[in-house]
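One-based numbering, in listed order, for ligands and for the atoms of each.
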Amino acid sequence: MAGRLEGKVAVITGGASGIGRATAELYADEGANIVIADLQDGSDSVAAVRERGREATYVSTDTSDEAACEAMAEAAVEAFGAVDILVAAAGIGHAGATPDVAADPSSVLLVNQPVSSWQRVLDVNLNGVMLSDRAVARRMIEAGNGGAIINIASIMAKVPQVGVGPYCVSKAGVWMVTKVLAMELAPYDIRVNAIGPGFIDTPMTAGLNVSETGQWAMAITPMRRMGVPEEVATTALFLASDDASFYTGALLHPHGGVFTD
Ligand code: NAP
């Protein structure tokens with residue numbers, strides 16, 4: 001039986017790790033060829049896609065850099081002739097080393113954080129998504145075959161949390177970028193949707209389950225567990241596939257029941 005993404009080409013930023021990697025593997029299972037775009041080496045993800053009988057290539061990319069995003073989109077077209085799907089999953093939780101909240105709880109408050117931390121998180125999580133989206137959208141418009149763009153936001157687009165202000169603001173921004181682009185790109189048959197995961201077990205959340213923040217996370221998650229990256233990848237598959245042909249501007253929440261409305 002043909003896969004749900006048979007013959008499609010997907011660019012996945014953040015595809016070397018966590019949610020991006022799980023999405024690359026699931027998309028390959030469903031018949032897509034994949035471009036892994038990440039700061040980190042993506043050779044393991046490329047190998048995982050190839051094991052599934054699909055083609056993959058890695059493009060070293062800093063998504064906060066406009067020229068790098070344009071080069072990423074161009075490399076994808078050069079490698080595969082076109083791009084049908086973008087998953088913008090590259091992101092960071094905070095700038096630099098993990099803040100030592102226990103030693104100085106007030107250091108992570110917005111009133112005390114260095115402006116450089118605020119700027120880096122917004123550069124990667126918000127500007128990086130917008131720059132990736134538009135670089136790929138330009139190629140989709142040129143090709144004239146429509147497309148699907150999926151931005152990874154977070155429950156924190158809607159749920160504020162003390163100490164991660166820049167992250168919350170960046171994800172709220174991703175949600176609005178998604179809605180604006182959904183309107184602007186609808187005439188080109190390009191659907192733009194977002195995913196707002198709850199707490200997912202990836203390298204980004206390593207150590208969360210043993211921390212105070214982790215206890216809070218489980219307290220606001222009725223299912224009382226973290227999700228796994230594959231549970232976000234299945235949402236990304238739905239949004240990329242024809243099953244979601246009338247979805248645009250939506251934010252779907254694989255979050256174990258966290259109240260986000
Ligand atoms: P992850 O395993 O750390 O994967 C993120 C990947 O993005 C890493 O390979 C990371 O490289 C890369 N990256 C960081 N900055 C980049 C940049 N400027 N350009 C290109 N690549 C960059 O984390 P994840 O949990 O899968 O996160 C994926 C997305 O889901 C993120 O947008 C995150 O905010 C979002 N999300 C995660 C959760 C969760 O609980 N895990 C919940 C909601 C939303 P480095 O390791 O070198 O930084």
Carboxylate-amine/guanidinium proximity below 4.0 Å for R139 and E74:
yes

Can you tell me if CG on N112 sees more than 12 non-hydrogen neighbours from other groups inside 6.0 Å?
yes

Should the heavy atoms of other residues, nucleotides or ligands under 6.0 Å from OH of Y188 be counted, would the total exceed 12?
no

Give yes or no for whether the N/O distance cutoff of 3.5 Å, strictly under, is met between G20 and ligand 1.
no

Is the shortest distance from a Lys or Arg side-chain nitrogen in R54 or E30 to a carboxylate oxygen in the other one below 4.0 Å?
no

Once you restrict to heavy atoms under 4.0 Å, what part of V124 touches ligand 1? Side chain, backbone, both or neither.
side chain

Give the residue and atom name of whichever protein heavy atom lies nearest to atom 40 (O) of ligand 1, and the separation in Å to one decimal.
I200 N, 2.8 Å

At under 4.0 Å between heavy atoms, what of D62 touches ligand 1? The answer is both

Look at R4 together with D243 and state whether they make a salt bridge at an N to O cut-off of under 4.0 Å.
yes

Can you check which of Q40, M156, M204 brings a heavy atom nearest to atom 47 (O) of ligand 1?
Q40

Take S132 and M72, measure what side-chain contact (heavy atoms from CB on, under 4.5 Å) needs, and give me the verdict at the end.
CA-CA 8 Å; S132 304; M72 167 191 82; 4.1 Å; yes

Below 3.5 Å, N or O to N or O, backbone or side chain included: is there any such pair between P197 and ligand 1?
no

Which of the atoms of ligand 1 are close to T205, meaning less than 4.0 Å from one of its heavy atoms?
39 (C), 40 (O), 41 (N)

How close does the nearest protein non-hydrogen atom get to atom 5 (C) of ligand 1, and which residue and atom is it?
G91 O, 3.9 Å

Is S17 in polar range of ligand 1, meaning some N or O pair under 3.5 Å apart?
yes

What do you reckon, does G128 put a non-hydrogen atom under 4.0 Å from ligand 1?
no

Among all protein heavy atoms, pick out the one at the shortest distance from atom 29 (C) of ligand 1; state its residue, atom name and that distance to 0.1 Å.
A89 O, 3.0 Å

Pair S64, N127: side-chain N/O donor-acceptor within cut-off below 3.5 Å:
no

Value for CE (M218) from OG1 (T213), rounded to nearest 0.5 Å, stands at 11.0 Å

Spacing of CG belonging to D84 relative to CE belonging to M140, to within rounding of 0.5 Å:
6.5 Å

Ligand 1 to I19, heavy atom cutoff 4.0 Å, flagged ligand atoms 26 (O), 30 (O), 37 (C)

N/O donor-acceptor pair under 3.5 Å between Y58 side chain and D38 backbone
yes

Protein residue, atom and distance nearest to atom 24 (P) of ligand 1, heavy-atom basis
T202 OG1, 3.5 Å

Would I92 count as being in polar contact with ligand 1, using the rule that some N or O on each side must be under 3.5 angstrom apart?
no

Using non-hydrogen atoms of the residue, decide whether K171 is closer than 4.0 angstrom to ligand 1.
yes

From CA spacing to verdict: side-chain contact (heavy atoms from CB on, under 4.5 Å), T205, I200:
CA-CA 7 Å; T205 52; I200 310 297; 5.7 Å; no

With atoms numbered from 1 as shown, which atoms in ligand 1 lie under 4.0 angstrom from a non-hydrogen atom of G18?
2 (O), 26 (O)

When you compare the side chain of T61 with that of T13, does any pair of heavy atoms fall below 4.5 Å?
no

Point-to-point distance, once rounded to the nearest 0.5 Å, from OG of S245 to CG of L239:
11.5 Å

Going from OH on Y247 to CD1 on I150, what distance comes out if it is rounded to the nearest 0.5 angstrom?
13.0 Å

Among protein heavy atoms, which lies nearest atom 21 (N) of ligand 1, and at what distance?
L39 N, 3.3 Å

Just jot down the ligand 1 atoms closer than 4.0 angstrom to any heavy atom of F199, in number order.
40 (O)

Atoms in ligand 1 with a heavy atom of T61 nearer than 4.0 Å:
19 (N), 20 (C)

Nearest non-hydrogen protein atom, atom 30 (O) of ligand 1
I152 CG2, 3.2 Å

Give me the residue, atom name and distance of the protein heavy atom closest to atom 22 (C) of ligand 1.
A90 CB, 3.7 Å

In this structure, atom 34 (O) of ligand 1 is nearest to the protein heavy atom Y167 OH, 2.6 Å

Any atom of ligand 1 sitting under 4.0 Å from a heavy atom of T13?
no

Tell me, please: is A153 in heavy-atom contact with ligand 1, that is, under 4.0 Å?
yes

Against the six-membered ring of W175, is K179 placed for a cation-pi contact (under 6.0 Å from the centre, within 45° of the normal)?
yes

Hey, is G15 one of the residues with a heavy atom under 4.0 angstrom from ligand 1?
no

Just to be sure I'm reading this right: ignoring hydrogens, which of D38, T23, L131 gets closest to atom 8 (C) of ligand 1? Compare them by their nearest heavy atoms.
D38

